[in-house]
Colleague: 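Quick one: this structure, given as structure tokens, is what I'll be asking you about.
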There are 2 protein chains.
Amino acid sequence: MAASPGRDQAQHGDFRVIAQHLRDAIAAREYVPGDKLPSERDLATTHRVARNTAREAIAQLRKEGLVTAEHGRGVFVRAKPRWMRFGRRRYSAAMRTFNGLGPFGAEAAAQGRTPHVDCTSITRIKAPAEVASRLSISTDTDVVRRENWYFADGEPVQKGVTFAPWTIVEGTPVADSADMGPKGIYGQFSACGHAITYIREEISARMPTSTEADRLKIPDGVPVIDLWHTGIDANRQPFEVTHFIMRADFAALDYDMPVED
Amino acid sequence: MAASPGRDQAQHGDFRVIAQHLRDAIAAREYVPGDKLPSERDLATTHRVARNTAREAIAQLRKEGLVTAEHGRGVFVRAKPRWMRFGRRRYSAAMRTFNGLGPFGAEAAAQGRTPHVDCTSITRIKAPAEVASRLSISTDTDVVRRENWYFADGEPVQKGVTFAPWTIVEGTPVADSADMGPKGIYGQFSACGHAITYIREEISARMPTSTEADRLKIPDGVPVIDLWHTGIDANRQPFEVTHFIMRADFAALDYDMPVED
DNA sequence: CAGTGGTCTAGACCACTCA
DNA sequence: GAGTGGTCTAGACCACTGT
């Protein structure tokens, strides 16, 4: 040890010590959200380690979602996420009557944000397996596939891909138009005999793929919520499936429900 | 460039190329779940880069949750997570009658896993703010705090901290005993006039803190589901709050519910 | 321009696993 | 003991941001 030039001890876990120092300082509000941390080079000299070691400490905090690095600017304490909450009532008729943005727009507007939805593609395909099983149809059946990207205050928040049997949507705007009219897509379904009455929501969380991180501009250390939503009508028939990928620093889910029907 | 010894080109994004090679190979099932990837030193030599660069490529895949590194053994393609699903009916009376493990045990058993719950502490404290607001009580009010750790097949899966007003649980096993009897904790609540009738579940996802990662043995690239559960009785009075931290590679949530009451 | 994070090199020793 | 990942060094140049 004493032989190694310029150093004396420490080898294992140096970066953990630095990381913990920074965590503590953040917890003690020596750095508040938005503040810039010392540069990697500064950390290295003050802790008497190589820059890479200081950098590794920063990498830990990034993985935990505590800080965000900005190339050329510095490393900043991340602002506490301001979650947008989605609940089952976003599908209720009352939420739809005053705008044409659908459940997302209604929730976003109710929470003081400016929503924007971009429908990037509408195609007709064979039902993928995950869709077919939820709609109780075969994978030979044609479905419409509508891909939507959702923004709040200009920031990308989530992606949603909606599928519905072609036989149901044929001839309606759902099959070929981005504009769903004043009552949104569920107004259209309702008009053809499928009023959304029950929903099923299957929720999991995972890290984004590199593609998702790109498209949704997801910072380091932020997972996605992966949600399969199924719309079910009054006859208990599923008529629509949407696969949402939501930034977990923006979206939260909030359900209240009876324990039994 | 040509001046640097032993190399010729490439500087930017080398590790991304390597990472993409590996991703593609995994997608093409050249490596299947459980397989060992080439060692960092092998990757370095075959791609003609320094070991740190190969290592960075691996780090990317770890962040995405695609692979897991095991010290001294190698880097392995992660097995597809086998999620355990939790739904609203885990709180129904029917799920409780055949065992004393509560909602978790019932779900785990139903899914062919061996559940185990470890109640690590039972204390009496002033209600924390997050609890008080959900129970509609003040932060001066005493509550019981019960900390539980949940295991499936011996692996730690989630942590749950339950709070309930002291005035409700006083004199019952909920206040001081790990053993909740054959009908579980909700049987106890039911016996003192608070049958669970509605629930509210507030769901978000984030990366684990370093403490959580330790205690739940969470591998790299796996987020946690952070869930606040509120139990509400037939009179619409909230009587119990539980804060769950779940490993997102084990737990998924699955709710079916009416859009309106 | 100076200062920042991003990437890379070519080594080194440590800690762990397994034959 | 051989092979693996984990950590560290002391440099280097690139890409980006701001003055």
Side-chain angles (χ1 to χ4, degrees), chain A residues 1-20 22 34-63 66-78 210 213-214 219-221, chain B residues 1-20 22 34-63 66-78 210 213-214 219-221:
Chain A
M1 279 308 157
S4 73
R7 297 186 80 241
D8 31 320
Q9 39 90 267
Q11 191 83 250
H12 166 67
D14 271 14
F15 78 85
R16 292 169 204 281
V17 173
I18 303 174
Q20 194 55 50
L22 292 169
D35 277 7
K36 190 170 138 183
L37 258 42
S39 77
E40 294 173 352
R41 287 166 178 87
D42 282 356
L43 285 172
T45 55
T46 64
H47 287 84
R48 311 175 128 274
V49 297
R51 184 185 156 207
N52 276 359
T53 303
R55 187 173 167 75
E56 182 65 18
I58 300 288
Q60 289 300 307
L61 304 188
R62 292 173 60 170
K63 280 206 290 192
L66 266 178
V67 303
T68 306
E70 295 183 34
H71 194 174
R73 302 220 312 130
V75 176
F76 299 85
V77 178
R78 184 174 301 166
S210 53
D214 265 20
D220 275 338
Chain B
M1 284 302 166
S4 72
R7 295 186 83 241
D8 32 321
Q9 40 90 268
Q11 191 82 253
H12 165 67
D14 271 11
F15 78 86
R16 292 169 205 282
V17 173
I18 301 174
Q20 194 54 50
L22 292 171
D35 277 6
K36 189 169 139 184
L37 259 44
S39 76
E40 295 172 349
R41 289 164 178 88
D42 282 356
L43 285 172
T45 55
T46 64
H47 286 85
R48 313 175 127 273
V49 296
R51 184 184 155 207
N52 275 0
T53 303
R55 187 172 167 76
E56 182 65 18
I58 300 287
Q60 290 298 309
L61 303 188
R62 293 173 61 170
K63 280 206 291 193
L66 267 178
V67 302
T68 306
E70 295 183 33
H71 195 173
R73 301 218 314 130
V75 176
F76 300 86
V77 178
R78 183 173 302 164
S210 52
D214 265 18
D220 276 339

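First the proteins, then the strands, lettered A, B, ... as listed; each starts at 1. Below, all heavy atoms of this structure are taken into account, side chains as well, without hydrogens, waters or symmetry copies.
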Colleague: Tell me the interatomic distance from N52(B), atom CG, to dT7(C), atom P, rounded to whole angstroms.
Modeller: 13 Å

Colleague: For the side chain of V49(A), counting heavy atoms from C-beta on, which of dT9(D), dG5(D), dG6(C) is nearest?
Modeller: dT9(D)

Colleague: Between CD of Q60(B) and CG of L66(B), what distance do you get to the nearest 0.5 Å?
Modeller: 11.0 Å

Colleague: Classify the nucleic acid contact of E56(B) as base, sugar-phosphate or nothing, counting any heavy atom under 4.0 Å across all strands shown.
Modeller: nothing

Colleague: Let's see if you can work this out: which of dA10(C), dT4(C), dC8(D) has an atom nearest to the side-chain heavy atoms of K36(A)?
Modeller: dT4(C)

Colleague: How many angstroms lie between CG in L61(A) and CD in Q20(A), if you round to the nearest 0.5 Å?
Modeller: 9.0 Å

Colleague: Taking the minimum atom-to-atom distance to the side chain of R51(A), which one of dT4(C), dG6(C), dG6(D) wins?
Modeller: dG6(C)

Colleague: When you compare the ring of H71(B) with the six-membered ring of dA15(C)'s base, are the centres less than 5.5 Å apart and the planes under 30° from each other?
Modeller: yes

Colleague: How close or far is atom C1' of dT9(D) from atom CG of D14(A), stated in whole angstroms?
Modeller: 11 Å

Colleague: Kindly say whether, by distance alone, the side chain of R73(B) makes a donor-acceptor pair under 3.5 Å with the base of dG5(D)?
Modeller: no

Colleague: Which value, rounded to the nearest 0.5 Å, describes the distance between R48(B) atom CZ and D14(B) atom CG?
Modeller: 12.0 Å

Colleague: Rounded to whole Å, how long is the line connecting atom CZ of F76(A) with atom P of dC16(D)?
Modeller: 17 Å

Colleague: Taking only the side-chain heavy atoms of S39(B) (C-beta and beyond), determine which of dT9(D), dG6(D), dT4(D) contains the nearest atom.
Modeller: dT4(D)

Colleague: Find the distance E70(B):CD to dA15(C):P and express it as a whole number of Å.
Modeller: 20 Å

Colleague: Return the value, rounded to whole Å, for the distance between atom CD of E40(B) and atom P of dA10(C).
Modeller: 17 Å

Colleague: Can you tell me the distance, in whole Å, between the CZ atom of R41(B) and the P atom of dC13(C)?
Modeller: 13 Å

Colleague: On DNA chain C, check which nucleotide each of R55(A) and G72(A) is closest to and give me the residue with the more 5' one.
Modeller: G72(A)

Colleague: Round to a whole Å and report the spacing from CG of L37(A) to P of dT4(C).
Modeller: 12 Å

Colleague: Supply the atom-to-atom distance I58(B) CD1 to E40(B) CD, rounded to the nearest 0.5 angstrom.
Modeller: 6.5 Å

Colleague: So, does T53(B) get its side chain near the phosphate of dT7(C), meaning an N or O under 4.0 Å from OP1 or OP2?
Modeller: no

Colleague: dG6(C) phosphate, OP1 or OP2: any side-chain N/O from R62(A) under 4.0 angstrom?
Modeller: yes

Colleague: Just verifying a value: how many Å separate E56(A) CD and R51(A) CZ, rounded to the nearest 0.5 Å?
Modeller: 13.0 Å

Colleague: Atom CD of Q60(A) and atom P of dC8(D): how far apart are they, to the nearest Å?
Modeller: 10 Å

